[in-house]
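Have a look at this one.
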Amino acid sequence: MEKEKSVVFNEERCKGCELCVPVCPVNIISMADDINSHGYHYAQVKEQDKCISCAMCATMCPDVVISVYKEE
Amino acid sequence: MEKEKSVVFNEERCKGCELCVPVCPVNIISMADDINSHGYHYAQVKEQDKCISCAMCATMCPDVVISVYKEE
Amino acid sequence: MKEVAGYPDALTDKQFHYCPGCTHGIIHRIVAEVIDELDIREETIGVAPVGCSVLAYEYFNVDMHEASHGRAPAVATGIKRVHPDKFVFTYQGDGDLASIGTAEIVHAANRGELISTIFVNNAIYGMTGGQMAPTSLEGQKTTTSPFGRDVREAGHPIRMSEMLTQLDGAVYITRVSVHDPQHIKQAKKAIKKAFKIQLEGKGFALVEVLSTCPTNWGMKPSDSIEWLKNNMMETYPLGDLKTPEGVE
Amino acid sequence: MKEVAGYPDALTDKQFHYCPGCTHGIIHRIVAEVIDELDIREETIGVAPVGCSVLAYEYFNVDMHEASHGRAPAVATGIKRVHPDKFVFTYQGDGDLASIGTAEIVHAANRGELISTIFVNNAIYGMTGGQMAPTSLEGQKTTTSPFGRDVREAGHPIRMSEMLTQLDGAVYITRVSVHDPQHIKQAKKAIKKAFKIQLEGKGFALVEVLSTCPTNWGMKPSDSIEWLKNNMMETYPLGDLKTPEGVE
Amino acid sequence: MNEEIIMAGFGGQGIMLMGKLLTYAGMKEDKEVSWMPSYGPEMRGGTANCTVIISDKRIPSPMSSKPDSIIVMNLPSLDKFLPKVKSGGTVFMNSSLIAEEVTRDDVKVIKVPANEMANEIGNSKIANMVMLGSFVEEKNIVKPETVKESLEKVLSARNQKLIDLNVKALEKGKEFK
Amino acid sequence: MNEEIIMAGFGGQGIMLMGKLLTYAGMKEDKEVSWMPSYGPEMRGGTANCTVIISDKRIPSPMSSKPDSIIVMNLPSLDKFLPKVKSGGTVFMNSSLIAEEVTRDDVKVIKVPANEMANEIGNSKIANMVMLGSFVEEKNIVKPETVKESLEKVLSARNQKLIDLNVKALEKGKEFK
Amino acid sequence: MGEKVLMKGNEAIAEAAIRAGCRYFFGYPITPQSELPAYLARKFPEVGGTFLQAESEVAASNMIYGAAGAGARVLTSSSSPGISLKAEGISYIAGAELPAVIINIMRGGPGLGSIQPSQADYFQATKGMAHGDFSLTVLAPSTVQEAVDLTMEAFEIADRYRNPVLLVGDGIIGQMMEPVEFKEAIDPDELPKKEWATDGAKGREPNVINSLALEPEDLEDHNMKLKAKYDKMKEEEVRYEELYTDDADIIIVAYGTTARISSRAIEMARKEGYKVGMIRPITLFPFPTDIINETADRVDDFLAVEMSTGQMVEDVRLAVNGKKPVHFYGRTGGVVPSPEEIVNKIKEIGGEK
Amino acid sequence: MGEKVLMKGNEAIAEAAIRAGCRYFFGYPITPQSELPAYLARKFPEVGGTFLQAESEVAASNMIYGAAGAGARVLTSSSSPGISLKAEGISYIAGAELPAVIINIMRGGPGLGSIQPSQADYFQATKGMAHGDFSLTVLAPSTVQEAVDLTMEAFEIADRYRNPVLLVGDGIIGQMMEPVEFKEAIDPDELPKKEWATDGAKGREPNVINSLALEPEDLEDHNMKLKAKYDKMKEEEVRYEELYTDDADIIIVAYGTTARISSRAIEMARKEGYKVGMIRPITLFPFPTDIINETADRVDDFLAVEMSTGQMVEDVRLAVNGKKPVHFYGRTGGVVPSPEEIVNKIKEIGGEK
Ligand SMILES: Cc1ncc(C[n+]2csc(CCOP(=O)(O)OP(=O)(O)O)c2C)c(N)n1
Ligand SMILES: Cc1ncc(C[n+]2csc(CCOP(=O)(O)OP(=O)(O)O)c2C)c(N)n1
Ligand code: SF4
Ligand code: SF4
Ligand code: SF4
Ligand code: SF4
Ligand code: SF4
Ligand code: SF4
Ligand SMILES: [Mg+2]
Ligand SMILES: [Mg+2]
């Protein structure tokens with residue numbers, strides 16, 4: 001995969017539950033002001049470079065929204 | 001009650017299971033050669049005087065056949 | 001002369017239909033004696049579901065409710081909730097309580113339903129002609145385990161009483177037997193204790209009584225007594241499994 | 001870049017219908033991950049009864065059988081007996097497994113049925129709108145216990161897993177939670193162990209997973225996580241309740 | 001030919017077996033046959049009975065409201081089934097256990113002291129075969145030979161060793177007709 | 001008079017309450033009324049809707065296949081219910097969440113920026129009341145006063161303290177007709 | 001009659017049960033009837049009632065069996081699959097001749113089906129509920145007000161005949177809100193004592209609640225006694241409503257929700273010149289056979305409208321007995337027929353006007 | 001066809017199932033069908049079959065649901081109260097369109113009733129077995145030989161239509177011994193593979209066994225698909241036997257045991273000059289409606305004979321559709337009618353001769 005980002009959120013699947021937010025050790029997940037087509041404020045990471053690819057967020061997410069990638 | 005006998009068998013209720021026989025400490029219970037109207041060889045005590053009114057037989061009998069009496 | 005053993009008031013004078021030597025009759029009698037001793041005959045409602053003891057309503061001289069197979073604890077719950085001041089007991093076989101009626105007994109026990117259960121475990125379905133029960137012993141031959149109970153296919157004999165001890169609402173669970181006069185006396189004591197627990201509002205109580213089925217075990221009554229002693233008591237050890245503090 | 005967390009093969013790409021923050025989704029994902037890791041997707045038959053996870057057949061990318069409410073263990077038994085070489089699991093809620101399906105889970109466990117059960121305990125009936133479950137906590141308010149669960153009327157919260165440990169056929173019974181990433185990883189490990197026990201033919205295994213129901217608990221997802229941690233774990237302590245010798 | 005027989009007695013008197021044996025023999029002789037037990041082990045104890053029909057034609061019902069014969073092994077059975085016997089029919093009764101006399105005069109009565117005969121042969125359990133022997137001899141519906149040949153099929157594996165004894169009892173029964 | 005209204009939106013937008021309030025007001029004014037929700041909490045998430053009918057005559061069916069009005073709070077609801085509206089009917093739409101234009105020209109469209117207005121009043125949860133205020137004003141089926149008086153009956157005990165806020169929102173809605 | 005209140009059908013039924021003097025409810029959750037138990041759970045404490053959530057429908061069914069035997073007015077409610085699980089218990093209740101009230105808020109089937117409105121449990125309700133010869137009294141309200149009135153009556157009928165009474169509705173009746181007024185409440189303590197009930201054999205012979213009869217002749221006698229009861233119901237309990245039957249050429253037979261929708265269709269069809277009337281069975285058992293049979297002498301056609309693939313239509317055919325054609329229009333699986341569809345069917349039957 | 005053997009009905013059915021390639025049995029004990037499971041428990045080991053005594057009828061019903069979904073030929077058997085408990089599961093099996101064979105050796109009801117012969121589960125079998133729009137194929141043998149043949153066919157029909165098949169008998173059919181011959185045994189391994197079954201999604205899309213449809217329209221489509229299947233059965237699977245229908249004035253309609261007894265009654269009545277014939281339904285669903293309706297043009301009267309208070313008679317009435325009077329004679333509660341009683345009824349209908 002040639003992803004630039006190390007953490008990718010599938011916005012349309014996100015239900016805005018915010019469970020991913022507190023588990024991020026570097027505190028980079030926030031909720032968007034916009035809503036997706038289901039009416040949810042979705043989660044997002046703006047500072048991708050801070051992500052340490054720990055996958056805590058993906059582990060916690062109940063809706064399989066998040067993919068996490070790591071340098072090999 | 002003015003019973004003469006100290007142990008009374010209701011012959012018609014007896015099913016001839018013989019469970020009372022071995023529990024009698026003085027070994028006085030035997031099975032009749034005759035059958036009752038249900039076709040069972042019923043239990044009987046011939047030597048009433050040997051009965052010690054311990055009620056073991058009555059305790060064991062599954063068909064509430066036996067009444068036991070004791071001098072007061 | 002004083003009567004030292006006789007016919008309890010809490011039994012009608014109808015002759016039992018049980019097979020010769022079947023210990024259902026003993027259990028009936030001691031339940032009736034306890035009812036007499038506690039003087040609750042006119043306060044008692046008995047619930048008997050289907051099983052060899054289906055005709056219990058003809059024998060117990062108390063108000064009786066014939067339940068469907070396995071559901072006596074539910075029926076008894078309905079009755080007890082309507083008459084919380086009355087005494088309610090169920091009289092259930094092992095097929096009834098340990099198989100089809102599993103959910104009902106578990107939940108009555110868990111709710112701490114104020115009822116008392118006499119659980120007659122004869123390791124077989126008596127009434128229907130000798131099928132395997134969940135309580136049948138390993139290797140036991142029955143019409144539906146003709147080559148002996150294979151625990152890999154049918155599981156091990158289920159110890160319901162042990163299982164029920166895990167439930168908070170069950171306060172007294174004990175296992176007794178009726179294979180000789182001494183044990184019959186103990187069994188009666190246990191039943192009395194269980195009944196008192198209900199009368200004192202303490203919770204759900206169950207007395208498991210090991211019992212014989214000469215007919216379907218294919219044995220003479222005396223051999224059944226031996227078989228119970230030598231085989232059943234190993235899988236189902238006697239004794240109190242759970243007791244409330246301060247009872248008796 | 002290597003994917004370190006992504007979308008399991010054993011899930012279809014259909015979006016879950018679960019409420020925001022409902023941990024059913026987490027449990028689905030880790031079950032799917034274990035299936036992937038054991039490489040049994042094409043050997044697996046899943047059984048989901050009625051409950052919020054009724055649509056599990058749309059999510060798990062394996063053969064699925066929709067069971068009636070409470071009867072998944074019976075359905076799974078039917079399947080497993082036909083395909084003893086396939087992997088069969090059930091995914092059941094607490095209303096399903098601990099209430100209506102009590103008899104079926106007890107007897108599947110007792111038979112040592114070679115199936116694995118994921119038991120999602122959220123202390124409530126999620127799907128039907130928040131009624132009391134037998135697992136609801138003391139004092140918990142639900143639509144059918146509007147003044148809080150009164151243990152004198154409704155009994156104490158039932159600990160099914162503890163009860164099932166009493167059965168010989170149940171070889172692995174454990175309780176886990178999914179309230180944070182660490183526990184989720186442990187939960188996944190437990191599920192893997194349970195699945196392996198089936199694959200190795202050892203017996204029946206059950207993993208109870210404490211789960212949330214933000215909607216019917218009437219809480220935000222994050223508060224539900226806290227409530228689980230602070231209240232449920234006390235009544236339902238985590239840890240292995242029964243393990244077979246020599247597994248892992 | 002259409003013969004309907006009801007056999008009855010205490011549980012344990014081998015009523016069912018006696019019926020099966022006769023039915024089997026009928027089948028062996030290429031007749032239409034049926035055997036119908038009173039059933040219901042849901043209730044223990046008491047009496048047992050079965051109905052055997054042997055006919056040249058398709059058998060409409062395996063039950064008989066007016067049997068041609070009854071074989072009764074005890075008193076309750078006589079009381080129960082005597083009123084049903086067809087006028088002109090036959091009553092085979094076990095006189096070892098039934099002291100009473102038959103109250104109808106439009107039926108033929110054959111008294112067989114079956115228990116005594118069985119004890120004589122040495123096994124009280126085969127009173128049923130004594131009765132059946134009498135029936136077969138009297139009624140001539142199936143050949144005694146066929147009945148004997150059928151024993152092997154009808155007795156359980158465990159009881160195969162008793163074939164000879166059974167044959168003896170059947171023979172004994174012949175004396176009563 | 002027979003007015004059939006479908007109200008629809010996301011779960012959580014207070015659709016059911018809005019419907020009940022209107023129905024209650026109708027009843028208070030001695031009209032025949034019915035309220036029918038889309039039901040099925042067996043399935044979580046997604047959208048919610050209800051049908052309100054207010055009439056002078058006995059109401060045959062509480063469902064409406066051709067509503068006179070719809071009140072739609074989000075895009076999926078507009079998409080779903082727009083085709084059903086009677087020709088000449090009215091569409092009340094929450095323009096805060098629906099940017100799209102209505103594609104039919106045989107219906108009257110009233111756009112209410114309900115979320116914005118609600119936020120303005122200070123509580124995003126009362127967008128529903130803004131919509132209802134607009135509906136009541138435009139349609140004139142029940143008196144605005146009756147709607148306000150009904151609030152007390154329809155709001156749960158917990159929400160009684162919010163009556164004033166709700167009244168404000170209803171007032172606000174009047175501006176959009 | 002009190003003040004008018006706006007209530008959901010499910011809640012209104014629950015309130016009606018309380019007013020009928022019912023103080024015992026045993027049930028198991030299922031959509032779309034959940035508001036009914038929830039209401040009782042909230043309200044029973046005020047009147048000293050007992051609400052118990054059973055472990056299953058099977059258990060609930062047997063709990064009401066016990067409570068009814070103990071002499072109480074008792075209620076259970078469920079929806080289609082749950083009713084199927086209650087079947088064995090209901091057979092026992094009927095067999096033991098106990099009064100009890102059962103609610104079925106029907107949903108689409110078979111199997112899990114859906115939770116949407118349905119009338120596809122008609123056969124189950126009126127004929128084959130379970131094994132053996134027995135019938136329930138079956139009531140089918142079409143408005144919330146009627147649901148309330150019939151619920152109160154259900155308890156009376158149950159006591160009068162010592163027979164379980166089934167009230168059937170669907171998600172529309174259960175979920176909709178309509179204004180209702182309640183009759184005065186009955187005090188359960190003032191109901192006549194049930195002499196046959198199990199409440200302890202104090203100074204009397206023991207009472208036995210039972211459905212077993214070992215002797216076939218005894219059981220047949222019992223069956224004939226039950227049948228006599230059902231025959232009496234056929235004489236005395238048939239309830240129905242007529243609409244425009246005087247001048248109708250076509251008679252719609254429909255109950256519950258479909259009757260309401262049909263009444264709209266009738267208005268529409270009449271505007272187009274079709275003389276359509278309706279007979280609305282209120283009791284499904286006993287079924288209004290006689291009135292339908294009599295009406296058959298006057299009209300040209302019958303049309304049964306149901307939310308099923310055709311169940312009640314058989315009872316209509318049995319009633320009409322070949323006198324006139326009986327047509328059928330049904331939607332099923334949770335689909336509710338629209339008045340327009342019914343009008344189309346009427347046109348198909350009545351020809352162009 | 002092999003050698004003639006003398007067998008009990010229950011055991012013969014079990015043997016027939018084995019020969020039909022059935023290798024899975026899940027059931028729960030109940031009289032009077034116990035010899036059936038007992039036979040399988042003894043014989044299955046020889047053919048590698050699986051016999052499992054379930055914890056209850058509810059569980060048994062769901063085990064066959066699972067096994068049928070997994071692609072197996074599977075059997076369960078019970079008697080009346082047990083069938084009531086299986087109702088919910090049967091609705092699921094029908095809803096999920098799975099083949100399975102169910103035996104009901106009926107006994108007297110309602111409730112616990114008795115264990116004596118009965119036909120009082122007719123309504124349950126043919127109409128209201130459980131919630132929702134569905135039908136079972138229902139077969140009713142009247143001899144042990146026919147029980148054997150129909151059992152083998154039951155598995156074929158079940159597979160052909162993907163529908164549960166119910167075979168009904170009573171204690172007489174189950175308990176009696178008659179000579180039977182068996183058809184050649186089918187090797188289950190040579191049966192066509194069921195592509196829809198759950199056996200692991202190896203190299204294919206996952207299979208799903210299901211009866212849920214969230215959208216009413218989808219569920220309605222599914223219901224219509226089921227209905228089309230039932231309609232096809234009505235075209236292709238109706239089975240019945242005629243006896244003296246050519247010259248009959250009175251036609252008895254009876255199935256199973258009562259048909260046998262009726263055939264004796266017919267012989268007796270004919271001797272007295274009453275021209276009586278019989279139509280014996282072999283399939284109760286689909287019911288032989290057409291032949292009865294046609295016959296109604298030629299004869300004067302119909303007489304339904306049942307061991308119930310009158311259930312099948314409704315289907316006879318529906319078939320006759322008012323053309324001729326339909327009479328009923330029934331015994332119930334375990335009482336078996338005698339030929340003499342039926343003759344009396346015939347005389348009552350036919351008048352003095
Ligand atoms: C629903 C239902 N299933 C099955 C039966 C048949 N049946 C009657 S009693 C019984 C079990 C009897 O065994 P148990 O409970 O152990 O009592 P026992 O006769 O051994 O005392 C069964 C299976 C029934 N009456 N009802
Ligand atoms: C026989 C039957 N009874 C009741 C229902 C209704 N019902 C569906 S799911 C459910 C319980 C859901 O609770 P749980 O099993 O805890 O699962 P959750 O939704 O909480 O995950 C109930 C009662 C049903 N579908 N079938
Ligand atoms: S992978 Fe770790 S660091 Fe990156 S966003 Fe997720 S939780 Fe934060
Ligand atoms: S946990 Fe998942 S669903 Fe929840 S907010 Fe984060 S990304 Fe969205
Ligand atoms: S009372 Fe005791 S001594 Fe007397 S007969 Fe009985 S057992 Fe024997
Ligand atoms: S124990 Fe009772 S029934 Fe048995 S032989 Fe003795 S007296 Fe008779
Ligand atoms: S069958 Fe067994 S349990 Fe039943 S009465 Fe006979 S001996 Fe007792
Ligand atoms: S209702 Fe509860 S369990 Fe069900 S999806 Fe929503 S949060 Fe999850
Ligand atoms: Mg037993
Ligand atoms: Mg739950």
Side-chain angles (χ1 to χ4, degrees), chain C residues 69-71 73-74 77 80-81 84 95-115 132-138 145 149-171 173 201-204 235-236 241-242, chain D residues 69-71 73-74 77 80-81 84 95-115 132-138 145 149-171 173 201-204 235-236 241-242:
Chain C
H69 186 34
R71 320 303 176 187
T77 296
K80 185 74 184 188
R81 297 289 176 132
D96 191 82
L97 182 143
S99 193
I100 190 170
T102 305
E104 285 74 18
I105 196 69
V106 163
H107 286 278
N110 190 61
R111 283 191 304 268
E113 210 63 61
L114 286 172
I115 60 174
M132 190 189 78
T135 46
S136 294
L137 304 192
E138 182 165 351
S145 60
R149 179 179 187 152
D150 179 349
V151 296
R152 288 165 314 170
E153 294 288 318
H156 285 86
I158 193 166
R159 279 182 289 267
M160 285 299 283
S161 294
E162 277 78 350
M163 192 179 91
L164 294 172
T165 59
Q166 299 290 311
L167 303 171
D168 293 342
V171 298
I173 310 271
K202 291 214 170 80
F204 173 83
T235 304
Y236 302 109
L241 296 163
K242 190 174 184 181
Chain D
H69 185 35
R71 322 303 176 186
T77 296
K80 185 73 184 190
R81 296 290 175 130
D96 191 82
L97 181 142
S99 193
I100 190 170
T102 305
E104 286 73 18
I105 195 71
V106 163
H107 285 278
N110 190 60
R111 285 191 303 269
E113 210 62 60
L114 286 172
I115 60 174
M132 189 190 76
T135 46
S136 294
L137 303 192
E138 183 166 350
S145 60
R149 180 180 186 150
D150 178 350
V151 296
R152 287 164 315 168
E153 294 287 318
H156 285 87
I158 193 166
R159 278 182 289 266
M160 285 299 282
S161 294
E162 277 79 351
M163 192 180 90
L164 294 172
T165 59
Q166 300 290 312
L167 304 171
D168 291 342
V171 298
I173 310 271
K202 291 213 171 78
F204 173 83
T235 304
Y236 302 109
L241 296 163
K242 189 172 185 181

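Here is how names work: the chains are called A, B, and so on, in the same order as the sequence lines, proteins then strands, and each is numbered from 1.
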Q) Using 4.0 Å as the upper bound for N to carboxylate O, is an ion pair formed by D:R152 and D:E138? A)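 Between D:R152 and D:E138 there is no salt bridge, as every charged N stays at least 4.0 Å from the carboxylate O atoms.
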Q: Can you tell which part of D:E104 gets under 4.5 Å to a heavy atom of chain C, answering side chain, backbone, both or neither?
A: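 Contact with chain C: none, neither part.
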Q) With only heavy atoms counted, which part of D:H156 is less than 4.5 Å from chain C, the side chain, the backbone, both or neither? A)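 Both backbone and side chain of D:H156 come within 4.5 Å of chain C.
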Q. Side chain, backbone, both or neither: which part of D:A98 has an atom under 4.5 Å from a heavy atom of chain C?
A. backbone
Q: Mind checking side-chain contact (heavy atoms from CB on, under 4.5 Å) for D:T165 and listing every partner two or more places apart, or none if nothing turns up?
A: D:I173, D:L241, D:K242
Q: For C:R159 and C:T235, test the side chains for any donor-to-acceptor distance below 3.5 angstrom and give the result as yes or no.
A: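 Result is no, nothing qualifies.
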Q. Under 4.5 Å between any side-chain heavy atoms of C:H107 and D:P134, yes or no?
A.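 Yes, side chains in contact.
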Q) Between D:V106, D:L164, D:I100, which shows the greatest number of heavy-atom pairs under 4.5 Å with chain C? A)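 Of the candidates given, the most pairs with chain C belong to D:V106.
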Q: Below 4.5 Å from any heavy atom of chain D, which atoms of C:I158 appear? Answer side chain, backbone, both or neither.
A: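 Both parts, backbone and side chain.
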Q: With sequence neighbours left out, write down each residue that passes ring pair (Phe, Tyr, Trp, His ring centres under 6.0 Å) with D:H69, or none if nothing qualifies.
A: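 By the ring pair (Phe, Tyr, Trp, His ring centres under 6.0 Å) rule, D:H69 matches G:Y28.
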